[in-house]
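Here's the structure, in C-alpha cells; my notes come after.
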Amino acid sequence: MTDEMRFFIFLIENYAYDKQLPTAEVLKTWEEKELVQKIYDMYEMYHIEAIENAYADIDNLVKTGKHLW
C-alpha cells in the first residue's frame, strides 16, 4: 500500500469521526460529487499541514467543488 493510500484512509476515517458521520457515508458523498481523486491527489499538501486545514478544504470541495486555495 502506498503512503498516499495510507494517508487517504487515515484522512477519511478521521474526517468522518470529526464530522460524526459513518465513514461509508462520507465516501459515498465524495464519490457522488466526484471528489475522491481530487482529495487523494492533495496528499502532498494535506499530509504536511494541520488536519483541520484538510477538513476545511474538503468541506469547501463538498459545497462548491473547488479548493479553498
Side-chain angles (χ1 to χ4, degrees):
M1 186 180 308
T2 65
D3 288 344
E4 290 85 350
M5 181 55 74
R6 281 187 191 96
F7 182 77
F8 182 81
I9 293 167
F10 166 83
L11 178 63
I12 194 169
E13 288 178 346
N14 284 279
Y15 179 89
Y17 179 81
D18 188 70
K19 302 297 179 181
Q20 299 181 357
L21 297 168
T23 303
E25 185 178 321
V26 171
L27 182 59
K28 181 180 178 190
T29 299
W30 293 1
E31 287 173 336
E32 288 172 350
K33 296 183 176 282
E34 299 180 356
L35 297 175
V36 172
Q37 192 63 49
K38 281 185 177 182
I39 293 167
Y40 185 89
D41 290 344
M42 289 299 291
Y43 167 75
E44 292 296 327
M45 179 75 70
Y46 288 168
H47 90 282
I48 61 171
E49 294 197 9
I51 197 76
E52 293 80 12
N53 292 343
Y55 296 169
D57 189 50
I58 292 166
D59 288 343
N60 201 66
L61 279 169
V62 169
K63 287 180 186 174
T64 69
K66 298 180 183 183
H67 292 285
L68 278 175
W69 48 86

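By convention here, the first residue in the shown sequence is residue 1.
- Donor-acceptor pairing under 3.5 Å is lacking for the side chains of Y55 and N14.
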L61 and H67: CA distance, side-chain angles, deciding distance, side-chain contact (heavy atoms from CB on, under 4.5 Å) verdict: CA-CA 6 Å; L61 279 169; H67 292 285; 3.7 Å; yes
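- Residues D59 and Y15 have side chains that bring a donor and an acceptor to within less than 3.5 angstrom of each other.
- Closest of all the heavy-atom pairs between E49 and N53 is OE1-ND2, 3.0 Å.
- A distance-only check finds a donor-acceptor pair linking the side chain of D57 to the backbone of L68 [under 3.5 Å].
- Of all heavy-atom pairs spanning R6 and M1, the tightest one is NH1-O, 2.9 Å.
- Residue E34 places its CD atom among 12 or fewer non-hydrogen atoms of other residues, nucleotides or ligands, all under 6.0 Å distant.
- Not a single donor-acceptor pair under 3.5 Å links the side chain of N60 to the backbone N or O of G65.
- Both L35 and W69 are part of a single hydrophobic cluster, where members link through side-chain heavy atoms under 4.5 Å apart.
- Nearest approach of M5 to Y40, heavy atoms of both residues: N-OH, 3.6 Å.
- What you find for V36 and E31 is that their closest heavy atoms are CG2-CG, 3.7 Å.
- With rounding to the nearest 0.5 angstrom, the CG atom of D3 is 8.0 Å from the NE2 atom of H47.
- Residues Y17 and V62 are members of separate hydrophobic clusters, defined by side-chain heavy-atom contacts under 4.5 angstrom among Ile, Leu, Val, Met, Phe, Trp and Tyr.
- Under a 4.0 Å N-O distance rule, the pair D41/K38 does not qualify as a salt bridge.
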Check against side-chain contact (heavy atoms from CB on, under 4.5 Å), I51 and D18: CA-CA 11 Å; I51 197 76; D18 188 70; over 6 Å; no
Criterion side-chain contact (heavy atoms from CB on, under 4.5 Å) on I58 and W30, from CA distance to verdict: CA-CA 9 Å; I58 292 166; W30 293 1; 3.7 Å; yes
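- Note on ring orientation: taking the six-membered ring where Trp is involved, the planes of F10 and F7 are tilted (angle from 30° to 60°).
- Heavy-atom neighbours of K28 NZ from other residues, nucleotides or ligands within 6.0 Å: at or below the threshold of 12.
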Intermediate values then yes/no, side-chain contact (heavy atoms from CB on, under 4.5 Å), I12 and I39: CA-CA 10 Å; I12 194 169; I39 293 167; over 6 Å; no
